[in-house]
Amino acid sequence: MLYLTGVVERITYTNEENGFSVIKIKARGYPELVTLVGNLAAVNVGSVLRLKGDWKYDHKYGKQFNVVDYRETVPATIAGIEKYLGSGLIKGIGPVYARRIVNHFKEDTLKVIEEQADYLVQVEGIGQKRVEMIKNAWQEQKEIKNVMLFLQSHGVSTAYAVKIYKTYGDESIKIVTDNPYRLADDIWGIGFKTADKIAQQLGFDPNSYERCRAGIIYTLNQLSNAGHCYALREQLVSEAVKMLDLEEGLIDTSIQRMIADKSLIPDISDQGDALYLPPFYFSEEGTAERIKKIIATSQTFKPAIDIENIIDEIQQDCGIVYDKVQLDAIKTAVNSKFMVLTGGPGTGKTTTTLAIIRVFQKMGSSCLLAAPTGRAAKRLSETTGMEAKTIHRLLEYKPTEGYKRNLENPLECDVLIIDETSMVDIILMYNLLKAVSDQTVVILIGDVDQLPSVGAGNVLKDIIASGIVSVVRLTRIFRQAQGSAIITNAHRINKGEMPRLRCGRNSDFFFIEEEEPLKIAETIRDLCARRLPRYYHVNPISDIQILCPMQRGEAGVHNLNSVLQDALNRTDITIKYGGAVYRLHDKVMQVKNNYDKNVFNGDIGTIVKMDTVDNTLVIRFDGIDVDYDATELDEVVLSYATTIHKSQGSEYKIVVAPFTMQHYLMLQRNLLYTCVTRAKKILVLVGSKKALRIAVSNNKIQQRNTMLAERLAHPTLNCST
C-alpha cells in the first residue's frame, strides 16, 4: 500500500447511495491535481487528507489513486480554511462569509469557530442569529462525521448516515451497534435489507430472534405495500425462509414468539390461518365495528316526509331533471345511515352529489365534505361550492398529538360525504370512522372500477361486497358526456371492449401507434415539449401529466422523468441527492406521508426556491410553501411522469400515457380504465394495439388479503376494539 497527503480541491462526483466519490486533490510532490476514487463521501473541499491506497490506470479516465483508507485533518493554510468553510460544510457559511471570516481571523479561524464562536459577530454581516446557526452546524458536522465514518466502514451510505444521525443524534453509534434492526423500524427509507447488511458486518448472529422478527415484519410490510392486510401463515413462512435463508422451524418459532408478545395477531380466513401486523388488524376490525354501529344508530334529524317536494324545488331552482337512478340515489341517501354512491365518468356522480347536499341543507342538516388528497378535495370544493378538506385536515391531525378528532371528540355534522373513496386505505378509513358520531349519516362516493388504494385494503369494494350498506350505482352516460371520446372509451374499456382509436382531429382521445419503447419515449418528449403546448396553448409542466403502467424501462417513469426534465427544465440551479438531480422549477411528488410538513403520499408540487449553499429548497403544494432540507429529498421524486397507481384521485388537463408490451406484467383493465379517466380535456395513448388489447381483456384483478367484507357480513368475525 502507498500513502499520499493532499488538500481536497474539487469533488467531481459523489454517489449518495454508496459513498463512492471521485475527488481532485493537490498532493505533496505532484505538480498536477491527483484524482482519487473510493469511499470518500464524508470529506469536504479544503480538507487535508492522509490517504492509503494504490495507483491504478483507467482506460477512459487515466491515472487514479484508489483509496482504501484515509484520515482527515483540518486545513492549515488560510486559502485551505477559506475553501473548507465555503464548501457548504457549515450551514450559515457560504463562499462570501467564508472569505470575510478568514480575512478577519486568519489562521485562527477554525479555533475561533470551535472555541469562541461568539466572536464571529465582529465580522461584517454576521449577527447573533447567524452565529447560533454556525455554532449548531459546526457541532453537528463534527458529530455526524464521526457517525458517517463509523457507518461507512460498515457499508452504510452517506444519505442513510445523515438520517440515522438525525434520528438518534449522539446515540447513533451505540444504537446501531446494539441492534441495527431498529433502523428498519425507526427510519423511513432504511428497509430490512439495509439493516441486515449492517448487522452482518457488525457480526450479528444470522439465526438471532431480532433478525427473524425484523425479517418477518419486513415481509408483512412488503405485502401491505401490495395492498394486503394480512399474510397466510404458509405464505409468510415461505417468503421469510426465502429472504432470510433460514430453516422453517426457526421462522415458525419466531412467529409463535411474536404472537405471544402481540407483535403479530392471528385470525382465521376462508383460505387458512391469517397473520396481521397490529395496525392492520385493529383497523380492519375497527372499521367493521364502526360501520355496524353507525348503521344501527338512528340519525339526529328526521327525514322529511315531503322529500318529493324538496327534490322538485331543487330541480326547478337548478333547471335540472334527475333520472330515475339519480332520484333513487337522493332518496336512498336521505333514508340511509351509511350509503355508497358509485359510477364511472359522465354518469352524473357530481350532479347527484350536489342534489344530495342540497336536499340535506333544505332539511336543515349540516354537511361536511372531504377527500383523501388535496387535489381531490379542491375539485370537490369547486364542484359543490362548499369547503372540502383532506381527510387528514378534517381530522385535525398533528404529528405529536395524532388525530384530534376521534371517538371522544367526534366531527360536528349531521352528514359526512367522502369523495374518491376508492383511494382510502384501511388505516385511514378506521381513523376517519373513529371520528364519526354514531348518529351521523355517512355517504361514500367513488368509482369502484378504478384501481384500489395504494395502501393496504380494498375498502370501497369490500364495503359494497358486504351487502350490509345501501349502494346506488350510476350507469347511464348523460348526453353531454356522450360527445367525449374519453368518457365513451372509458366505458367501453370497463365493459371489456377495445376503445375506438380512430378519432377525428377535434376529438379529446388520440392514439399514436409505436412499438419500440425508445421511440415511444422520443414521441412523448416531442408531444410534451413541442406539439401539445403549441396546439393547445398549455404549460407543459403544470398542464400535461405522463402516466405510466410501470417504473422501469425506456417507457417507464424513471426514464421519462429524466428525458422530460432535460426537455422542459434546463436551469443550472440544482441540488443533487441520492443519485438524482433536482432543479429549480421541477415538478415533484411527495411519496411518503409527512405529518410534520402536512404533505402526503401522492401530493404534487413545484420547487419554487433553492438554496445551493445551505442545501435547502421550498416546494409549493397547492399554494402552500413547504421547506425541505436536501437530506429529506428521498421523500420526493420527479413527477413529470408518474405511475397510474399514484394518479388516483387526480385529474389533469392533458394526459399522455405509454402502453407497450414492455409493461406486460401490469397490463390490466382497471389500470387502463383508471388511466383514461384521469384526463380532463385531452388523452394521448402512445404504444401498441396489442398492449391495449391485452389490458382490455385482462380483467383478472389481483386479489388482496382482506377480511373487511366478511367482518361486516359475519358478526362472529368481529369483537370489541
Side-chain angles (χ1 to χ4, degrees), residues 1-89 94-95 98-99 141 145 148-162 197 201 518 554 558-559 561-563 565-566 570-583 612-613 615 630 633:
M1 286 289 168
L2 302 173
Y3 290 88
L4 202 63
T5 300
V7 179
V8 178
E9 289 287 323
R10 187 164 69 247
I11 298 173
T12 305
Y13 170 78
T14 297
N15 185 324
E16 298 285 355
E17 294 302 315
N18 58 24
F20 176 81
S21 302
V22 180
I23 290 174
K24 301 281 189 182
I25 68 165
K26 190 170 181 59
R28 194 177 302 155
Y30 294 85
E32 303 292 330
L33 292 181
V34 172
T35 301
L36 308 179
V37 294
N39 193 327
L40 294 148
V43 307
N44 292 274
V45 172
S47 298
V48 178
L49 304 179
R50 179 162 170 75
L51 305 142
K52 180 181 177 182
D54 52 34
W55 293 101
K56 71 172 189 176
Y57 186 84
D58 185 280
H59 73 279
K60 187 174 181 181
Y61 298 107
K63 193 175 181 182
Q64 299 173 329
F65 191 77
N66 187 41
V67 178
V68 175
D69 194 13
Y70 72 94
R71 292 193 179 185
E72 180 180 349
T73 61
V74 294
T77 67
I78 289 175
I81 293 169
E82 182 181 328
K83 192 171 286 187
Y84 184 67
L85 291 179
S87 67
L89 169 73
R99 188 173 305 115
Q141 69 85 25
K145 187 158 290 188
M148 278 185 178
L149 291 172
F150 169 79
L151 293 173
Q152 284 175 3
S153 69
H154 293 95
V156 185
S157 74
T158 306
Y160 287 155
V162 171
K197 181 181 173 185
Q201 295 219 21
L518 272 175
E554 291 92 342
H558 293 313
N559 184 55
N561 267 323
S562 177
V563 166
Q565 185 189 45
D566 285 341
R570 297 187 177 183
T571 179
D572 57 1
I573 304 172
T574 65
I575 287 177
K576 295 181 181 179
Y577 182 81
V581 177
Y582 296 89
R583 299 176 182 172
T612 56
V613 174
N615 255 17
L633 283 174

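Positions are given from 1, in the same order as the sequence printed here. Just so it is clear, the structure is predicted and the values come from calculations on it, not from any experiment.
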Got a sec, which residues hit side chain to side chain contact (heavy atoms under 4.5 Å, CB included) with [X], two or more places apart in sequence or on another chain?
X	answer
A98	E82, L85, I93
V22	T12, Y13, F20, T35, V37
L2	W55, F65

Test of understanding: with ring-ring contact (aromatic ring centres under 6.0 Å, His included), list the residues that count as partners of Y61, not counting sequence neighbours. none
Give me the atom names and distance for the closest heavy-atom approach of [X] to [Y].
X	Y	value
V8	I25	CA-CG2, 3.9 Å
E554	N559	O-ND2, 2.7 Å
L4	A27	CG-CB, 4.3 Å

When you compare the side chain of K26 with that of L33, does any pair of heavy atoms fall below 4.5 Å?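 Side chain of L33 against side chain of K26, heavy atoms only: contact under 4.5 Å found.
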State which residues pass side chain to side chain donor-acceptor pair (under 3.5 Å) with N66; sequence neighbours excluded, sorted by chain then number. none
Please identify each residue that fulfils side chain to side chain donor-acceptor pair (under 3.5 Å) with E9, with sequence neighbours left out. K83
Interatomic spacing from [atom1] in [X] to [atom2] in [Y] - rounded to 0.5 Å:
X	Y	atom1	atom2	answer
R28	T5	CZ	OG1	5.0 Å
R583	I575	CZ	CD1	13.5 Å
K52	Y3	NZ	OH	4.5 Å
D566	N561	CG	CG	11.0 Å

